[in-house]
Amino acid sequence: MDAPSPAPADLTELLHQRGQRATPQRLVILRELRHRAHHVTADQIRTAVAQELPGMSAPTVYATLDLLVELGLARRVDAGPGAALYDARAEPHHHVVCRRCGRIDDLDGDVDTAGLRHTAERQGFVPHSVEVVITGLCPGCAPGSG
Ligand SMILES: [Zn+2]
Ligand SMILES: [Zn+2]
């Protein structure tokens, strides 16, 4: 048996500030999210932690992931139809999404979003972040490959 890994200090601290406890579910789910490659569904997380946290319900997993998003420790990526994906990379970044197989990858690069923000503000909207999702075909699905 491995000893439980120490609680991530940032999670413990953030929960403490809100008067909430760092429960085993929260710690294990955050650890799993960080340990995995980017972009997993709640179901994938649930499967991965099933042995460690037997009997944890899907709603608990969703609620915990949403709490991590709220705390700024993860992002929720809405990339069109299908289950929402969770991303342990918390800082704003862009994505490319394959319409055929659903593959999603990070897209690094500068986007000049000032104009868009400005337009949103003119519409009375208060922008928090701007994230770009490019949809199309991944290298494996694009015509001419494989
Ligand atoms: Zn694809
Ligand atoms: Zn990402």
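Note that the structure is a prediction, hence the values are computed from the model and not measured.
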Evaluate the criterion side chain to side chain donor-acceptor pair (under 3.5 Å) for residue pair H39 and D106; output intermediate values, then yes/no. CA-CA 9 Å; H39 318 123; D106 284 347; 2.9 Å; yes
Partners passing ring pair (Phe, Tyr, Trp, His ring centres under 6.0 Å) against H93 (at least two apart in sequence or in another chain): H95
About how many Å separate CD of Q25 and CG of L53, when rounded to the nearest 0.5 Å? 6.0 Å
Full working for side chain to side chain contact (heavy atoms under 4.5 Å, CB included) between I134 and H94: CA-CA 8 Å; I134 296 183; H94 312 297; over 6 Å; no
Is there a donor-acceptor pair closer than 3.5 Å between any side-chain N or O of Q44 and the backbone N or O of T41? yes
Nearest heavy-atom neighbours spanning C138 and C98: N-SG, 3.4 Å
Hydrophobic clusters here meaning ILVMFWY residues chained together by side-chain heavy-atom distances under 4.5 Å, can you tell me if V40 and V97 are in one? no
Which pairs with one or both residues in residues 125-135 pass salt bridge (Lys or Arg N to Asp or Glu O under 4.0 Å), sequence neighbours excluded? R75-E131
Note: R103 and P139 closest approach over all heavy atoms is NH1-CD, 4.3 Å
Under 4.5 Å between side-chain heavy atoms, hopping through other hydrophobics if needed: is there a path connecting Y62 to M56? yes
To the nearest 0.5 Å, tell me how far I45 CD1 sits from L30 CG. 9.5 Å
ILVMFWY cluster, V111 and V96 together (side-chain gap under 4.5 Å): yes
Please check if the number of heavy atoms outside Q17 that lie under 6.0 Å from its CD is greater than 12. yes
Should we say atom CZ of R18 is surrounded by more than 12 heavy atoms from elsewhere, each under 6.0 Å from it? yes
Are P92 and H128 packed together at the side-chain level, in the sense that at least one heavy-atom pair is separated by less than 4.5 angstrom? no
State plainly whether one hydrophobic cluster holds both V69 and V61, where clusters connect Ile, Leu, Val, Met, Phe, Trp and Tyr through side-chain heavy atoms under 4.5 angstrom apart. yes
Measure across A74 and L33 and return the closest heavy-atom pair with its distance rounded to 0.1 Å. CB-CD2, 3.6 Å
Is the shortest side-chain N to carboxylate O distance from R36 to E32 below 4.0 Å? yes
A quick test of your reading: do over 12 heavy atoms of other residues, nucleotides or ligands sit less than 6.0 Å from CZ of R100? no
Test D66 against Y86 for side chain to side chain donor-acceptor pair (under 3.5 Å), laying out the working first. CA-CA 9 Å; D66 285 337; Y86 292 88; 3.0 Å; yes
Is there a donor-acceptor contact under 3.5 Å from the side chain of R26 to the main chain of R21? yes
Could you give me the CA-CA distance, side-chain angles and deciding distance for D10 and L71, then say whether side chain to side chain contact (heavy atoms under 4.5 Å, CB included) is met? CA-CA 10 Å; D10 48 356; L71 291 170; over 6 Å; no
Can you find a pair of side-chain heavy atoms, one from T23 and one from T64, that are under 4.5 Å apart? no
Show, in sequence, the C-alpha distance, side-chain angles and deciding distance for V133 and I104, and conclude whether the side chain to side chain contact (heavy atoms under 4.5 Å, CB included) test is met. CA-CA 10 Å; V133 175; I104 171 166; over 6 Å; no
A side-chain contact here means heavy atoms from C-beta on lying under 4.5 Å apart; do R76 and L65 qualify? no
Distance (rounded to the nearest 0.5 Å) between T12 OG1 and L27 CG: 6.0 Å
How far apart are the C-alpha atoms of L68 and L11, what are their side-chain angles, what is the distance that settles it, and do they pass the side chain to side chain contact (heavy atoms under 4.5 Å, CB included) test? CA-CA 8 Å; L68 295 177; L11 175 61; 3.8 Å; yes
If two hydrophobic side chains count as joined below 4.5 Å and joins carry through other members, does L85 share a cluster with L73? no
